[in-house]
Protein chains: 2
Amino acid sequence: MSRGVGRDHETVRGAIAAAACVLVAEEGAGALTVRRVAAAAGVSPGRVQHYFPDRTALMLAAFDSVQHAVAAEVTTAVGEAAAPEQVLTAVLRAMIPTDDTAMRRLRVVAQFESLALTEDILATRIREGHAELLAFLERLLESSRIRLDSNNTEGTLQGLLATAEGLSGQVLLGQSSPDRALALLQTSIDDMFRGVAS
Amino acid sequence: MSRGVGRDHETVRGAIAAAACVLVAEEGAGALTVRRVAAAAGVSPGRVQHYFPDRTALMLAAFDSVQHAVAAEVTTAVGEAAAPEQVLTAVLRAMIPTDDTAMRRLRVVAQFESLALTEDILATRIREGHAELLAFLERLLESSRIRLDSNNTEGTLQGLLATAEGLSGQVLLGQSSPDRALALLQTSIDDMFRGVAS
DNA sequence: TCCTAATCGATACGAGTGTATCGGATTGCG
DNA sequence: CGCAATCCGATACACTCGTATCGATTAGGA
């Protein structure tokens with residue numbers, strides 16, 4: 001079934017999008033090209049063109065691919081945690097790249113974030129994902145017995161997310177080691193829980 | 001003196017680099033092109049080519065241009081502050097875009113940071129600038145009477161810088177308003193100084 | 001004055017881009 | 001067994017890109 005109507009459309013699309021992500025991770029967003037992606041996926045340019053009408057569709061598919069990968073990563077990290085504090089810690093730690101695969105994934109995310117400064121569609125999607133994550137963590141903490149001393153759960157969470165994102169950027173740029181970033185992140189988390197009755 | 005040897009080389013170079021920054025701010029790093037920059041600077045492509053041997057030189061000049069602009073901004077912000085705590089606060093607040101010009105400037109910085117994930121020369125320069133800023137703030141706090149409770153000045157500062165960078169990214173992506181980001185940043189700074197005898 | 005070096009506009013070339021289009025291959029259905 | 005729908009490889013076209021190159025212009029020293 002290498003041709004014809006029997007092809008599993010979504011599988012092929014996903015494979016091409018995944019190859020596009022690898023390409024972006026290694027060569028930057030500028031390499032997001034029909035022909036380059038085709039070469040990276042080991043596929044003819046015509047095939048890529050068949051599954052994606054234009055360059056924007058290819059870009060959005062690649063973005064969805066990383067976003068789903070990140071969501072899956074977060075989900076498994078959450079699955080292993082029990083208490084709400086552990087869930088929060090796991091989610092935030094997942095934003096710091098420690099191994100090669102996480103490094104690549106977060107490099108792709110960083111590339112798309114800078115693309116989003118120009119492409120409004122990407123900015124919207126990133127905002128939605130960010131708001132979703134924030135709401136999830138907010139529900140998590142509010143449904144538990146945890147109450148933050150600042151009486152401002154959303155603000156504190158947003159600050160924590162900003163810290164994690166900043167540390168992630170530092171690691172990606174080689175300004176900080178993953179271990180150091182994780183330690184600093186843990187300090188911020190501990191500060192947040194300080195003086196809180198669980 | 002529109003031609004000939006009498007031209008002020010550095011002035012022309014600077015003007016072209018500044019125009020390149022405006023272009024990057026408005027259209028992203030992908031617009032960093034000889035012809036586009038020439039058009040943005042109101043200059044013939046040949047002139048740009050004359051002052052910059054290749055695209056990399058143009059990119060580095062544009063990067064230096066923003067870096068100097070940021071340094072100047074920080075310097076004036078520091079000049080208005082008296083106490084070391086105020087200096088630190090001023091530096092960190094300068095990383096959050098509040099008006100249009102700061103917005104544009106930080107957009108350019110963000111674009112170059114994502115470019116640095118691919119271009120090693122940029123990564124090196126950013127690391128150097130970051131280390132320099134960190135060392136400056138460290139000296140500032142250590143030479144003053146301020147001692148951090150965590151007994152880990154560098155780590156705390158790095159965490160604070162990460163928070164500011166993360167908040168800056170949130171503002172750039174429209175996930176947070178400048179005022180909100182400034183408030184969250186202030187909270188982080190206050191937490192840092194909590195329990196510290198000045 | 002004139003001549004050398006700097007400046008710069010214009011043009012050209014090859015590579016790479018997005019996209020349109022065509023034709024053959026393949027498959028599942030009637 | 002057709003046959004229509006899908007799949008996809010190939011090609012073409014009009015662009016933009018970086019870069020090389022040439023010639024004209026200009027300024028300042030000899």
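None of these values were measured; they are calculated from a predicted model. Protein chains get the first letters and strands the later ones, always in sequence-line order, with residue 1 at the start of each.
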Starting at [atom1] of [X] and ending at [atom2] of [N], how long is that distance when rounded to a whole Å?
X	N	atom1	atom2	answer
His50(A)	dT19(C)	NE2	C1'	16 Å
Phe52(A)	dT19(C)	CZ	C1'	16 Å
Glu27(A)	dG16(C)	CD	P	13 Å
Gln49(A)	dA20(C)	CD	C1'	7 Å
Met59(B)	dG18(D)	CE	P	12 Å
Asp8(A)	dT27(C)	CG	P	15 Å
His9(B)	dA6(C)	NE2	P	11 Å
Asp54(A)	dT17(C)	CG	P	16 Å

request  = Taking Arg55(B) for its side chain and Leu32(B) for its backbone only, find out whether a donor-acceptor pair lies under 3.5 Å.
outcome  =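 Confirmed, Arg55(B) side chain pairs with Leu32(B) backbone.
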request  = Please evaluate the base of dG18(C) for a donor-acceptor partner in the side chain of Arg35(A) within a cut-off of under 3.5 Å?
outcome  =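 Present.
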query = Does Glu132(A) CD have over 12 foreign heavy atoms under 6.0 Å away?
reply =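 Open.
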inquiry  = To the closest 0.5 Å, what do you measure between CD (Glu165(B)) and CG (Leu172(B))?
reply    =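 The distance works out to 11.5 Å.
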ask   = Of all the nucleotides listed (dC8(C), dC7(D), dC17(D)), which has the minimum atom distance to the side chain of Tyr51(A)?
value = dC7(D)
query = Looking at dG18(D), dC8(D), dC8(C), which one has an atom nearest to any side-chain atom of Arg55(B)?
reply =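 Nearest to the side-chain atoms of Arg55(B), counting from C-beta on, is dG18(D).
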request  = Hey, can you tell me if Phe112(B) and Phe63(B) have their rings parallel, tilted or perpendicular (30° and 60° cut-offs)?
outcome  =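 Ring orientation, 0 to 90° scale: perpendicular.
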